[in-house]
Structures are given as structure tokens and as C-alpha cells.
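Heads up, the thing below is written out as C-alpha cells.
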Amino acid sequence: MPWRHMFKLDPDRSISDEALDKICMSGTDAILVGGSSGVTFDNTVDLLSRIRQYEVPCVLEVSNPDAAVPGFDHYLIPMVLNTSNPDWLIGHQQRAVREFGSMLPWEIVFAEGYIVLNGDATAAKVSEANANLATSDVIAYAQVADRLMRLPFIYIEYSGMFGDMELVRSVRQKLHQAQLIYGGGITNLEQARLAAASADTIVVGNILYDQLEQALLTVQAVREIQE
Ligand code: 1GP
């Protein structure tokens with residue numbers, strides 16, 4: 001997918017119409033809808049219907065199968081590679097497919113291999129991730145996902161904290177086919193530039209709710225690289 005920049009919106013957090021208008025008209029490549037807690041069918045439908053007033057592609061990251069709302073352009077299914085609980089790698093996904101598999105639009109459903117590296121983040125706690133990893137461990141997880149599992153996406157997740165860009169670059173250098181997504185702690189244009197130079201796709205989340213104008217500037221970072 002040719003996404004270089006994505007804004008991530010959490011259905012469990014409120015966003016004004018005015019802010020949503022700026023986000024959807026910002027030139028970002030897609031809006032990613034997802035969150036680590038409190039995501040329900042109702043709040044996901046509500047957010048989707050508001051984003052659908054715009055042309056920007058809309059992608060759902062399905063962390064709760066009960067909130068798998070129809071009508072998105074693409075669906076990303078997280079599989080947490082560095083979890084200590086197989087439920088987060090394959091268990092929840094298996095149960096969801098058992099229940100909803102016949103209804104899934106498979107041609108627009110993709111797996112994302114998550115490597116969660118900020119141990120303080122809700123995502124790490126919820127998914128029981130072992131975030132304390134050496135660079136060689138992270139690269140090995142990425143290679144398992146890329147080479148063995150042939151996942152289309154690998155997501156290096158530092159949610160709430162700006163990560164180690166050298167590590168992100170080291171991972172990207174080793175990838176054969178997977179698209180590398182980076183998300184976590186991007187709060188200004190300079191960080192967005194660094195992340196965009198290190199990963200294939202950058203995701204900007206929290207700052208949308210705290211400093212919208214700063215967040216909107218991050219779209220420029222990927223445009224500069226493309227020009
Ligand atoms: C969260 O990776 C995204 O899943 C973005 O992180 O909210 O820290 O920008 P932030």
C-alpha cells in the first residue's frame with residue numbers, strides 16, 4: 001500500500017468536527033482507526049461515518065473483533081510478535097476468524113506484525129509484550145515476519161515515546177518484502193523527518209489530540225522526501 005504518512009485516530013477519544021476536517025484534508029495518505037482500549041462497534045461506526053465525508057482512505061486496525069465495522073477501505077490485523085502470550089500472536093485472531101471468517105473481505109484484510117518496544121505503553125501492557133529487547137532480537141523478529149511468515153506489514157510501535165531511529169533503520173535494511181511502519185512519539189516536523197527517513201510509513205497519533213497544528217505539519221516530512 002503506498003502509504004507514507006498516516007494519522008491514527010482512536011474511536012475512544014473525542015475529536016471536534018473542525019479538527020477532523022483539518023486532519024482529513026491535511027494530505028495524509030490514509031487515516032488509521034484504532035486504539036488499545038475502549039474501542040467498540042458503536043464508537044468505531046461513529047468515527048468511520050464522520051471520516052467518510054472526506055475522500056481520504058480509511059483503514060481499520062482491528063484490535064477487538066467485536067468492533068470490526070464494515071465499510072473501511074482496508075483492515076489491518078495486528079499480530080504481536082514479541083508478546084509472551086500466544087493469544088496476542090495468533091489466539092485472538094484464530095477465534096475471530098472462526099466466528100467471522102465467512103464474512104471477511106479477505107482481499108482487503110492484511111496482517112501486521114507488531115513489535116512493541118515501549119514497555120510503559122498501554123499497547124505493551126495489554127498485549128503482554130516483552131519490550132526489553134536487543135537490536136539483534138528486534139531484527140530477528142522482523143525477519144521471522146518478513147521471510148518466514150511473509151507478512152505484508154511490520155509495525156515498530158513505540159506508542160507515546162519517540163523511538164530509536166537507528167534501530168528502525170537497521171530493521172528496514174534487513175527486510176526483503178514487508179513494508180515497515182513506524183509509530184510512536186512523533187510530536188514535530190523534525191521527528192517526522194527522522195522517522196520518514198528510517199521507515200516506509202510513519203504513523204502520527206497522540207499529538208493530534210494535544211497539538212493539532214504541530215501534528216498537521218508532519219505530513220510535510222514525507223512530501224519533502226518524495227519531492
Ligand atoms: C500508536 O503508533 C501509534 O499506535 C502512534 O503513536 O500516539 O505516540 O503518536 P503516538
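Computed from a prediction, not measured in an experiment: that's the story for all the values here. Note that ligands are numbered from 1 as they come in the structure, with each ligand's atoms numbered from 1 the same way.
- Inspection of the His5 and Thr201 side chains reveals no N or O donor paired with an N or O acceptor under 3.5 Å.
- Here the side chains of Phe72 and Val33 are in contact, with some heavy-atom distance below 4.5 Å.
- Residue Gly185 has at least one heavy-atom neighbour below 4.0 Å for each of these atoms of ligand 1: 8 (O), 9 (O), 10 (P).
- Residue Gly183 approaches ligand 1 through these ligand atoms, each under 4.0 Å from one of its heavy atoms: 2 (O).
- Residue Lys8 has at least one heavy-atom neighbour below 4.0 Å for each of these atoms of ligand 1: 1 (C), 3 (C), 4 (O).
- For atom 9 (O) of ligand 1, the closest non-hydrogen atom of the protein is Gly205 N, 2.9 Å.
- Of all atoms in ligand 1, listed by their number and element, those nearer than 4.0 Å to a heavy atom of Gly184 are 2 (O), 5 (C), 6 (O), 8 (O).
- An N or O contact shorter than 3.5 Å is missing between Ile207 and ligand 1 by distance.
- For atom 1 (C) of ligand 1, the closest heavy atom belonging to the protein is Glu157 OE2, 3.4 Å.
- Close approach to Tyr155 involves these atoms of ligand 1, each under 4.0 Å from a residue heavy atom: 2 (O), 3 (C), 4 (O).
- Residue pairs meeting the side-chain hydrogen bond (donor to acceptor under 3.5 Å, both in side chains) criterion with at least one partner in residues 150-166, sequence neighbours excluded, are Lys8-Tyr155.
- Aromatic ring pairs are classed by plane angle as parallel below 30°, tilted from 30° to 60° and perpendicular above 60°; the pair Phe153 and Trp3 is parallel.
- A salt bridge links Asp29 with Arg223: the distance from a Lys NZ or Arg NE/NH1/NH2 to an Asp or Glu carboxylate oxygen falls below 4.0 Å.
- Qualifying side chain to side chain contact (heavy atoms under 4.5 Å, CB included) partners for Gln173, counting only residues two or more places apart in sequence or in other chains: none.
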